[in-house]
> 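The following block contains the structure, expressed as structure tokens.
These numbers come from a predicted model, not from an experiment. Every chain is numbered from 1, with letters handed out A, B, ... down the list of sequences.
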2 protein chains.
Amino acid sequence: MKLSTKGRYAVTAMLDLVIHMDEGPVSLSDIAERQHVSLSYLEQLFAKLRRRGLVASTRGPGGGYSLNDAPENVAVVDIILAVDENIDNTNCSGAANCQHDEQCLTHDLWQDLSNQIQEFLAGISLAELASRGSIKRIAARQDGVEQDIFPVTEMPSVMSKRVGVSK
Amino acid sequence: MKLSTKGRYAVTAMLDLVIHMDEGPVSLSDIAERQHVSLSYLEQLFAKLRRRGLVASTRGPGGGYSLNDAPENVAVVDIILAVDENIDNTNCSGAANCQHDEQCLTHDLWQDLSNQIQEFLAGISLAELASRGSIKRIAARQDGVEQDIFPVTEMPSVMSKRVGVSK
DNA sequence: AGAATAACCAACTATTTTAGTCAATTATTA
DNA sequence: TAATAATTGACTAAAATAGTTGGTTATTCT
């Protein structure tokens, strides 16, 4: 299966977007700063999310990304499928031709497992996630924490801003 | 998470072992032939399974591997954990220090998912798997199929036997 | 009009994991 | 003593992961 940090980053970024979208489009550099993911990596992920129709983009100052649908209608599984391609656990990608054009011994087991995971992740929407108390607390910390940890001017911009971009 | 072909091969091989263990130890070369996995790769996997105490080995002619415990007591999750190390889906391996020593936004979500998968795979024993009709059918096919596909002497030994081993 | 902002795009890269191979040794049995 | 089969260790090709680098294009603010 594919459940790597790629999918986790994507879900985290989308959740950050939902939490901050009341003030218009959310820029990737803001998400990068808050969630400590590299901006260029986010760009790749959001390119896929946009192609899948999950988000819409606005260019220029004040621009950023916004959800194409209500947070209630976006499930975690949609996000993971958009960036990770598949959630399938079989060797044959479900085709059941794992061995001489027939099923391998454990084909059904991996198929069942895939369905389990699929159903679990399909049952959780961004709206539900954003409403959780534990997540609200962490988001509040992230929104107010930068000043606390990095006193005034010395924020390690390397982590969140583009470096070495020439004019 | 780690759910790769490594874990799938291991479960398939262990299931093959259970199906054929009534006639004493099962050799890796037999499993390699039946399940079409390379012998050297199986050796690596069974070294881990032995270290974890899931199987016992018998050397010499007629030797092979046998289960250390009743098939009822070996869950699929045990096998995957033995070869894949962990089934954890969080970035911080469950330590909840994913971001500045505190939880990242989605930590709880991945934790819940890990638990789901864990429970599912813990609920399936080798005995239960081996008793399934679909698996019995496939095993029967595998036990009788070699003669049908590779007439008499011309079995492609490359796939299942060691090649180039000098004295 | 010009500077800043921010999305968009393509190519490249270091590191890790996967899925093995290759070569040899040790133990056991016929 | 020959064959069988586990055991060990080092190596490797290919793919995936997690980015980086260097730009271009569109929009808005001054």
> Are A/W110 and A/S114 close enough, and set up right, to give a side chain to side chain donor-acceptor pair (under 3.5 Å), and what steps lead you there?
CA-CA 6 Å; A/W110 312 123; A/S114 302; over 6 Å; no

> Whole angstrom is fine here: how far is it from CG in A/L28 over to C1' in C/dA7?
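Checked: the CG to C1' distance equals 8 Å.
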
> Would you kindly give the OH-to-P distance between B/Y41 and C/dT21, to the nearest whole Å?
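Going from B/Y41 (OH) to C/dT21 (P), I get 11 Å.
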
> Quick check: on DNA chain C, is the nucleotide nearest A/F46 upstream (toward 5') of the one nearest A/P61, or the reverse? Name the residue that is more 5'.
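Looking at DNA chain C, the more 5' nearest nucleotide goes with A/P61.
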
> Starting from P on C/dT21, measure out to CD on B/E43 and report it in whole angstrom.
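Those two atoms, CD and P, are 11 Å apart.
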
> Taking the side chain from B/T106 and the backbone from B/L109, do they hold a donor-acceptor pair closer than 3.5 Å?
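It does not hold such a pair.
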
> Could you tell me whether the side chain of A/I124 reaches within less than 4.5 Å of the side chain of B/D112, counting heavy atoms only?
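Of all side-chain heavy-atom pairs linking A/I124 with B/D112, none is under 4.5 Å.
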
> Tell me: CD1 of A/I80 to C1' of D/dT17, nearest whole Å?
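So the two atoms are 16 Å apart, to the nearest Å.
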
> Which nucleotide sits closest to the side chain of B/R59: D/dT17, D/dG19, C/dT28?
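Nearest to the side chain of B/R59 among the choices is C/dT28.
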
> If you check every side-chain atom of B/S38, which of D/dT7, D/dT17, C/dG20 has the closest atom?
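Minimum distance to the B/S38 side chain belongs to C/dG20.
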
> Would you indicate, yes or no, if D/dG19 has its OP1 or OP2 atom less than 4.0 angstrom from a side-chain nitrogen or oxygen of A/Y9?
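For A/Y9, the contact criterion (side-chain N or O under 4.0 Å from OP1 or OP2 of D/dG19) is met.
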
> Closest to the A/S40 side chain: D/dT21, C/dC22, C/dA6?
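In terms of side-chain proximity for A/S40, the closest of D/dT21, C/dC22, C/dA6 is D/dT21.
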
> Nearest whole angstrom, please: distance from the P of C/dA6 to the CD of A/E33.
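It is 11 Å, rounded to the nearest whole Å.
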
> Can you work out whether A/S57 or A/Q44 has the more 5'-proximal nearest nucleotide on DNA chain C?
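The residue whose closest nucleotide sits nearer the 5' end is A/S57.
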
> Nearest to the A/S27 side chain among D/dG19, C/dA6, D/dT8, which nucleotide is it?
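So the side chain of A/S27 is nearest to C/dA6.
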
> Over how many whole Å does the gap from A/H36 atom NE2 to D/dG19 atom C1' extend?
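Between C1' of D/dG19 and NE2 of A/H36: 17 Å.
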
> Over how many whole Å does the gap from A/R50 atom CZ to C/dC8 atom C1' extend?
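It is 7 Å, rounded to the nearest whole Å.
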
> For A/Y65 and C/dT5, what is the distance between atoms OH and C1' respectively, to the nearest whole Å?
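Nearest whole value for this atom pair: 14 Å.
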
> Can you tell me how the ring of B/Y9 sits relative to the ring of B/Y41, calling it parallel under 30°, perpendicular over 60° and tilted otherwise?
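It falls in the perpendicular class, over 60°.
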
> Got a sec: does the CZ of B/R132 have more than 12 other heavy atoms crowding it under 6.0 Å?
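Above 12, so yes.
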
